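Computed from heavy atoms alone, side chains included, the values below leave out hydrogens, waters and symmetry copies. Note that the structure is a prediction, hence the values are computed from the model and not measured.
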Amino acid sequence: MSGQEAQDLAAQAEAALKAQGFDPEAVVRVMAPMTLGLPVCRECGCTDITACDRGCYWVAEDLCSACVGQSD
């Protein structure tokens with residue numbers, strides 16, 4: 001796939017998401033880490049790439065330090 005084809009496909013995907021009422025950026029924030037195999041916090045959705053605003057670290061495979069005790 002050429003660069004232009006990839007850009008066209010991304011534009012089509014963005015338009016389709018918007019047409020269904022989804023925020024494309026939010027979809028990417030959620031799906032990209034899972035697609036890449038990165039850990040995602042089960043409570044807040046943070047990743048190694050998009051950590052919590054105040055910072056955090058992993059206390060379990062799918063739980064960050066900022067969310068400890070929030071699911072109790």
Would Y57 end up clustered with V68 when hydrophobic side chains under 4.5 Å apart are linked, directly or stepwise?
yes
Pairs in or reaching into residues 7-18: which pass salt bridge (charged side-chain N to carboxylate O under 4.0 Å, His left out), with residues at least two apart or in two chains?
E14-K18
Residues that T50 engages under side chain to side chain contact (heavy atoms under 4.5 Å, CB included), provided they are two or more places apart
T47
Side chain to side chain contact (heavy atoms under 4.5 Å, CB included) partners of Q20, counting only residues at least two apart
F22
Test of understanding: with side chain to side chain contact (heavy atoms under 4.5 Å, CB included), list the residues that count as partners of D23, not counting sequence neighbours.
E25, A26, R29
Contacts of type salt bridge (charged side-chain N to carboxylate O under 4.0 Å, His left out), residue D62, not counting sequence neighbours
R42
Please answer whether the main-chain N or O of V59 pairs with a side-chain N or O of S65 as donor and acceptor at a distance below 3.5 Å.
no
Is there a path from V40 to V27 through hydrophobic residues (I, L, V, M, F, W, Y) whose side chains come within less than 4.5 Å of each other?
yes
Pairs meeting criterion salt bridge (charged side-chain N to carboxylate O under 4.0 Å, His left out) with involvement of residues 49-60, two or more places apart:
none
Minimum heavy-atom distance W58-D48, with the two atoms named
NE1-OD1, 2.5 Å
